[in-house]
Participant: 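Sharing a structure here in structure tokens format.
The figures here come from the full heavy-atom set of this structure, side chains too, leaving out hydrogens, waters and symmetry mates. When a ligand or atom number is given, it counts from 1 through the structure's own listing order.
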Amino acid sequence: MEAASSGTPQLIAGLKLVQQKDDAPLFFAVVPIYKQPSSTPQERLHNLKGFVLGVFKLRELFDASALSKRPLGIKMTLIDESDPSQQRVLYVHESRTSTPIVEGTEIRQPMPHFWGKTWSILATPTTSFMNHHSSFSTWVIALVGGGSSFLLAFFTRSILSRVNQIQALNRQLKTLAQEDGLTGLANRRRFDEVLSMELSRSHRQKTSLSLALIDIDYFKQYNDVYGHMQGDHCLQSFAECLRKAIRRPTDLAVRYGGEEFALLLPDTGSPEGVILTLQQLLKRAGIPHEASNVASFLTASIGVVTVTSGIASVSPSELIEHADQALYRAKNAGRNTVEYIRISHEKEEGTRALLRAIS
Ligand SMILES: Nc1nc2c(ncn2[C@@H]2O[C@H](COP(=O)(O)OP(=O)(O)OP(=O)(O)O)[C@@H](O)[C@H]2O)c(=O)[nH]1
């Protein structure tokens, strides 16, 4: 829990697992993972997603470190001093030379404070070390400095790379869960999420919001004439036009279902420009549709609803319902048509403009 509320990884040192075969001391690194960046303890606890647990053998760390590259003739004892009342020996690294250690010459060198731990290394030279080196203390400072950097780099690299892997996988899963497989546009689930977020924001900040529901005209006939596979390609090209029509990073292009799409345009009180661009893009794409009754190329009917700034309360489902009504009218008006509805101060002003589309 300390790791979760502080946001700092924690080390639990000197443990042994029940199933462990040797007696090498282990330590656990507990790294908290959050759903989103959180700055206060309350936020962290609220956004906690879980923990990544790393288990390490101190012996393996020492064996791989610069502290152990060649037998130096120094015995090193790793001590946990995080709790001053209860110092603990975590690991003893023997000198690996046959000569005896020189009693009373040990030096205690603190390691950098990290992840809530205060560790130090107690170094004791052997006679062979003393015979070959003049300054023991200089060696110890250099060794512990180098060894500590290695240990820290090892922790950071191995644990954080595991955290990064998990976060990358989570991001991928999240993207997959929010994306339409055929077109790569946002799917309905993402749309629902963003719509309710943007609607609340528009209420709060008194900004406008527009939603367009877009339905391809005579798509059943398209499939009948060109085949289902070509129908899929057609949906992908259509999605590309939607992608190009939007301009702001906050705009969202959605595959709403089947041959129905949506554009969510936050902070947009006049969506006419985007809609006109979409129609021009469709015309330029010129996807042949010989079975269409309104044009020789693929067209769409569009229903747009705009809530103007200052609107008090329209629910997501009400907004969709309005856009659906507008779309229904556009279809009824002969297709390849846009119908607009504006809602301001909780009333439909009835300012509907029927725009005959460019064909
Ligand atoms: N190729 C393909 N077709 C799809 C997909 N999803 C839905 N459809 C087809 O889209 C067609 C939609 O038909 P309708 O709802 O009658 O709409 P429409 O033919 O466009 O008629 P109007 O909207 O009234 O102009 C159906 O034939 C569906 O099979 C898809 O992922 N791929």
Participant: Could you list the atoms of ligand 1 found under 4.0 angstrom from a heavy atom of Gly231?
Facilitator: 1 (N)

Participant: So, Ser210 side chain and Thr268 main chain: donor-acceptor pair closer than 3.5 Å or not?
Facilitator: yes

Participant: From atom 31 (O) of ligand 1, work out which of Glu260, Glu259, Arg255 has a heavy atom at the shortest distance.
Facilitator: Arg255

Participant: Considering only heavy atoms of Gln221, which atoms of ligand 1 have at least one such atom less than 4.0 Å away?
Facilitator: 19 (O)

Participant: Is there a chain of hydrophobic side chains (I, L, V, M, F, W, Y, each step under 4.5 Å between heavy atoms) that links Ile121 to Ile107?
Facilitator: yes

Participant: Check this for me: Arg189, atom CZ, are more than 12 non-hydrogen atoms of other residues, nucleotides or ligands nearer than 6.0 Å?
Facilitator: no

Participant: Apply the side-chain contact (heavy atoms from CB on, under 4.5 Å) test between Leu265 and each candidate in Ser270, Pro271, Ser208; give the one that qualifies.
Facilitator: Pro271

Participant: Applying side-chain contact (heavy atoms from CB on, under 4.5 Å) between Leu235 and each of Gln230, Glu259, Glu240, report the one that passes.
Facilitator: Glu259

Participant: Taking Asp180 first and then Arg188, would you say they form a salt bridge - that is, a charged N and a carboxylate O separated by under 4.0 Å?
Facilitator: no

Participant: Under 4.0 Å, heavy atoms only, figure out whether ligand 1 is touched by the backbone of Met229, its side chain, both or neither.
Facilitator: neither

Participant: Can you tell me which residue among Thr306, Asp324, Leu195, Ile341 is in a side-chain contact (heavy atoms from CB on, under 4.5 Å) with Leu319?
Facilitator: Leu195

Participant: Atoms of ligand 1 less than 4.0 Å from Arg335 heavy atoms?
Facilitator: 22 (P), 24 (O), 25 (O)

Participant: Only heavy atoms of Asp215, strictly under 4.0 Å: list the atoms of ligand 1 that pass.
Facilitator: 23 (O)

Participant: Could you identify the single nearest non-hydrogen protein atom to atom 21 (O) of ligand 1 and state the distance to 0.1 Å?
Facilitator: Tyr218 N, 3.9 Å

Participant: Looking only at protein heavy atoms, identify the closest one to atom 16 (O) of ligand 1 and say how far it is in Å.
Facilitator: Lys220 CB, 4.1 Å

Participant: Got an N/O contact under 3.5 Å between Leu235 and ligand 1?
Facilitator: no

Participant: Applying a strict under-4.5 Å side-chain criterion to I, L, V, M, F, W and Y, I'd like to know whether Ile101 and Leu78 cluster together.
Facilitator: no

Participant: Could you tell me, atom by atom, which parts of ligand 1 come under 4.0 Å of a heavy atom of Asn223?
Facilitator: 1 (N), 2 (C), 3 (N), 4 (C), 9 (C)

Participant: Which one holds for Asp232 and ligand 1: side chain close, backbone close, both close, or neither close, with close meaning a heavy atom under 4.0 Å?
Facilitator: both

Participant: Between Asp267 and Arg201, does any NZ, NE, NH1 or NH2 come within less than 4.0 Å of an OD or OE carboxylate oxygen?
Facilitator: yes

Participant: Enumerate the atoms of ligand 1 whose separation from the nearest heavy atom of Gly258 is less than 4.0 angstrom.
Facilitator: 6 (N), 7 (C)

Participant: So, taking the atom named NZ in Lys244 and the one named CZ in Arg284, what distance separates them when rounded to the nearest 0.5 Å?
Facilitator: 8.5 Å

Participant: From atom 23 (O) of ligand 1, work out which of Gln230, Lys331, Gln236 has a heavy atom at the shortest distance.
Facilitator: Lys331

Participant: Should you measure from each heavy atom of Asp217, which atoms of ligand 1 turn up under 4.0 Å away?
Facilitator: 20 (O), 25 (O)

Participant: Pairs of nitrogen or oxygen atoms closer than 3.5 Å, one from Phe219 and one from ligand 1: do any exist?
Facilitator: yes

